[in-house]
Structures are given as structure tokens and as C-alpha cells.
Amino acid sequence: MLGKTPMKLLLAAAALSLLATAPQVRALELKASRTSPFDLALTGKLAGVAPGETRYVSWSEIRALPTTRLMLDGEFVKGSQELTVVFLSDLWAALSVAPGADALFATCGDGYAGIYTSAFISHYRPFLVLEINGKGPGDWPPPGLTFNPAPYVITVSKALAPDASKFLDIEHKKPWGVQKIEIASFGESFRGIYSGKWADPGPAAVAGRDIWLNSCASCHPGPSGIFGGTKSERPLPVIAAYAAYDSPFFMKYVRDPKSLVASAKMEAHPRYTDEQMAQLMAFITIGAAPAP
Ligand code: HEC
């Protein structure tokens with residue numbers, strides 16, 4: 001039956017039920033230690049949580065927040081599937097967020113990361129997937145999927161945000177295997193690449209910085225400990241050396257790493273235009289020594 005309900009209708013109903021429950025969002029109970037592999041780790045700017053400390057919230061606690069059911073096509077497995085989700089905005093509302101926090105960083109078990117600003121959260125409406133066809137992460141992967149996306153997936157849907165597909169690196173906002181969420185201040189976390197030699201870098205480098213944050217930072221840490229994924233051990237200064245000394249190699253590597261290094265683990269980025277590659281290079285090579 002459900003599969004035959006027109007999606008628009010279902011989404012409209014979902015939006016209404018969300019509105020009805022939103023004012024009652026209650027605070028999540030945070031625990032000092034992990035009790036299950038399905039607990040979500042929380043760090044960062046949370047009231048009563050010292051910097052560097054981690055708290056844990058159980059799957060069932062999150063499941064008790066206002067949820068929405070979405071019928072989506074091909075999200076995890078072929079065909080239509082029902083997802084039970086919590087919007088990141090509702091998760092945020094259920095946390096005692098400390099003043100100044102305006103961004104959320106999600107980190108996966110393999111070091112992959114996703115950066116969500118408050119503007120992104122309100123515009124693209126990313127959500128945490130709690131159930132696929134009524135089954136929670138303890139019963140994942142769903143039949144037909146070989147990679148287990150547990151414990152959490154964050155994703156966005158063009159059914160909710162039609163312009164999501166136009167966002168250059170939207171795939172990087174859909175991490176699987178999310179284990180940890182950090183509540184952060186964007187300005188504080190990334191001050192290092194918005195100040196000093198990066199304070200006023202010109203329009204090309206400004207656009208390149210967005211590409212770095214929305215794509216490369218999913219796997220490459222920034223300079224001097226600035227947030228980024230740790231899937232790659234090469235931080236920004238190493239990447240900058242490639243771009244500064246051998247830009248043809250750099251461009252080819254970013255677009256198709258396997259064409260240069262057969263065993264490369266980095267995914268290809270074939271969609272970047274020459275202009276976007278130039279923007280990326282303008283950003284990452286700022287302050288790098290010129291080619292000898
Ligand atoms: C999905 C994770 C991932 C993303 C996203 C990613 N990289 Fe990588 N990158 C890696 C890994 C892992 C390596 C290490 C070599 C390998 O195993 O492929 C690497 C290596 C590189 C290298 C070669 C460095 C070396 O020492 O060989 C360059 C250059 C590079 N990345 C640039 C970029 C840029 C620019 C972006 C953003 C457009 C980007 N990467 C996005 C994972 C990623």
C-alpha cells in the first residue's frame with residue numbers, strides 16, 4: 001500500500017506531522033560512555049560538555065525524537081524504500097548547544113567527514129537515517145546492499161530540496177557509517193583558512209576554498225590541524241605542493257587518480273571544469289613557494 005502512495009502526498013503529510021510535533025522536541029539524554037555500537041558520539045560546543053570530551057546518545061533516544069517517513073527511490077537499494085529519518089535541524093534542537101555554535105561536522109568510522117553549515121542545514125534539509133523499510137541499523141545492511149551503512153547515514157533528498165543536485169559536491173553531504181557528530185563554530189574552526197594569507201585571497205581562491213571545504217576536506221585534513229577528514233594522510237600543504245610544482249599532475253590526479261596511480265584510493269572528480277580546477281589551485285597554492 002505504502003509504496004503506491006504518491007510521494008507528494010506522503011511528503012506533505014510528513015511536513016504537517018513535523019510541524020505538529022516540532023515544539024515538543026525534548027532534550028536528548030547524553031551519556032558519559034558508550035553502551036552500544038549504535039550510539040552516536042557527540043562532541044564540541046554542547047552545554048556542560050568540556051572541550052575535547054565526548055558524550056553518547058543511544059539510537060532509541062534519537063528514534064524518540066520527531067521522525068518523518070520518506071518514500072525515496074533508489075536511495076540504498078533498488079526501487080522505492082521507506083526511510084524513517086530525523087532532520088539535522090531537529091537533532092540540533094534536541095541538544096543543549098552552547099552559544100556560538102553554527103555548524104555540524106559528521107565523521108565516519110573510516111575517517112571520512114562531512115561539513116554542514118547552518119545555512120546548508122536550513123536550505124538543503126539534511127537528515128539522519130534511522131530505519132530503512134522499518135529496520136534499524138542492527139538489521140542492516142538491507143537485502144541487496146553489500147556495504148553496511150550503519151550506524152548512521154546523513155543524506156539529503158532532491159524530493160525535499162529540489163536544487164540539491166545543483167550543489168557542486170552534494171555527494172560529500174551523504175556520508176555512510178557516521179559515528180560522530182561535532183557541534184562547532186564555523187568561524188572558529190576554519191579561522192586558519194580565512195585569516196592571514198587567506199584573509200582576502202580574491203574571488204577565484206574564495207570559490208576554490210568552498211570546493212576544498214565541500215569536497216577535499218571530506219578526506220584531507222587542513223593545514224595546522226584545521227578540521228577535515230582523515231581518510232587521507234596528506235594534509236593541505238602536501239596537496240598544495242603538488243598543485244604548485246606540477247599542476248598538470250595535480251589536475252589529472254584530482255579528475256582521475258587511477259590514471260596516474262593504479263592503486264589510488266581517492267575517488268575521481270571528473271565533473272570539475274577547468275575554471276573550478278583553477279579556483280581550487282588558486283586557493284590551495286596561496287603562500288606555497290613558487291615552482292623552482
Ligand atoms: C574520498 C576521500 C578523498 C577525497 C574526497 C579527496 N581525496 Fe585526495 N586523496 C585521498 C587519499 C586516500 C589519497 C592518498 C592516495 C590514495 O591512496 O589514493 C589522496 C591523495 C591525493 C593527492 C596525491 C597526494 C599524494 O601524496 O599522492 C592529491 C593531489 C589529492 N589527493 C588532492 C585532492 C583534492 C584537491 C581533493 C578535492 C577536490 C581531494 N583530493 C579529495 C582521498 C580523497
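Order of appearance sets the numbers: ligands from 1, and atoms from 1 within every ligand. Numbers here simply count residues along the sequence, with the first being 1.
- Scored by the salt bridge (charged side-chain N to carboxylate O under 4.0 Å, His left out) test, Lys231 finds Asp110 as partners (sequence neighbours excluded).
- For ligand 1, the atoms sitting less than 4.0 Å from at least one non-hydrogen atom of Leu280 are 35 (C), 38 (C), numbered in the order shown with element in parentheses.
- In this pair, Trp212 and His220 present their aromatic rings tilted. The plane angle is within the 30 to 60° band.
- The shortest N or O to N or O distance between Tyr242 and ligand 1 is below 3.5 Å.
- A side-chain N or O of Asp163 and one of His123 form a donor-acceptor pair less than 3.5 Å apart.
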Run the side-chain donor-acceptor check on residues 139-147: report pairs under 3.5 Å with partners two or more places apart or on a different chain.
unit_1: Trp140; atom_1: NE1; unit_2: Lys135; atom_2: O; d: 2.8
unit_1: Trp140; atom_1: NE1; unit_2: Gly136; atom_2: O; d: 3.3

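- With Leu128 as the partner, the side chain to side chain contact (heavy atoms under 4.5 Å, CB included) test is satisfied by one option alone out of Leu65, Ile62, Val85: Ile62.
- With a 4.0 Å heavy-atom cut-off, ligand 1 is reached by no atom of Val261.
- The N/O atoms of Ser263, backbone and side chain alike, include none that comes under 3.5 Å of an N/O atom in ligand 1.
- Within a 6.0 Å radius of NZ in Lys158, no more than 12 heavy atoms belonging to other residues, nucleotides or ligands are found.
- Classification of the Tyr242-Phe249 ring pair by plane angle, with boundaries at 30° and 60°, yields parallel.
- The shell of residues lying under 4.0 angstrom from ligand 1, judged by heavy atoms, excludes Glu233.
- Of the protein's heavy atoms, Lys265 N, 3.2 Å lies nearest to atom 17 (O) of ligand 1.
- Checked options Ile132, Leu130, Val129; the residue passing with Val153 is Val129 (criterion: side chain to side chain contact (heavy atoms under 4.5 Å, CB included)).
- Listed by atom number, the atoms of ligand 1 under 4.0 Å from Ala264 heavy atoms are 18 (O).
- If you look at Tyr272 next to ligand 1, the close heavy atoms, those under 4.0 Å, all belong to the side chain.
- If you check which protein heavy atom lies closest to atom 29 (C) of ligand 1, you get Phe250 CD1, 3.8 Å.
- Close approach of ligand 1 to Glu267 is summarised as follows: ligand atoms under 4.0 Å from at least one heavy atom of the residue are 1 (C).
- Nearest protein heavy-atom contact of atom 5 (C) of ligand 1 is His172 CE1, 3.2 Å.
- Here the protein contributes His220 NE2, Met266 SD as N, O or S atoms under 2.8 Å from atom 8 (Fe) of ligand 1.
- By the salt bridge (charged side-chain N to carboxylate O under 4.0 Å, His left out) test, Glu75 pairs with no residue at all, sequence neighbours left out.
- Taking the ring centre of Tyr116 as origin, the terminal cationic atom of Lys173 falls inside the region bounded by 6.0 Å and 45° from the ring axis.
- Donor-acceptor pairing under 3.5 Å is recorded for the side chains of Tyr272 and Asp169.
- Near Ser215, meaning under 4.0 Å from any of its heavy atoms, are these atoms of ligand 1: 5 (C), 37 (C), 38 (C).
- Taking 4.0 Å as the cut-off between side-chain N and carboxylate O, Arg63 and Glu131 count as a salt-bridged pair.
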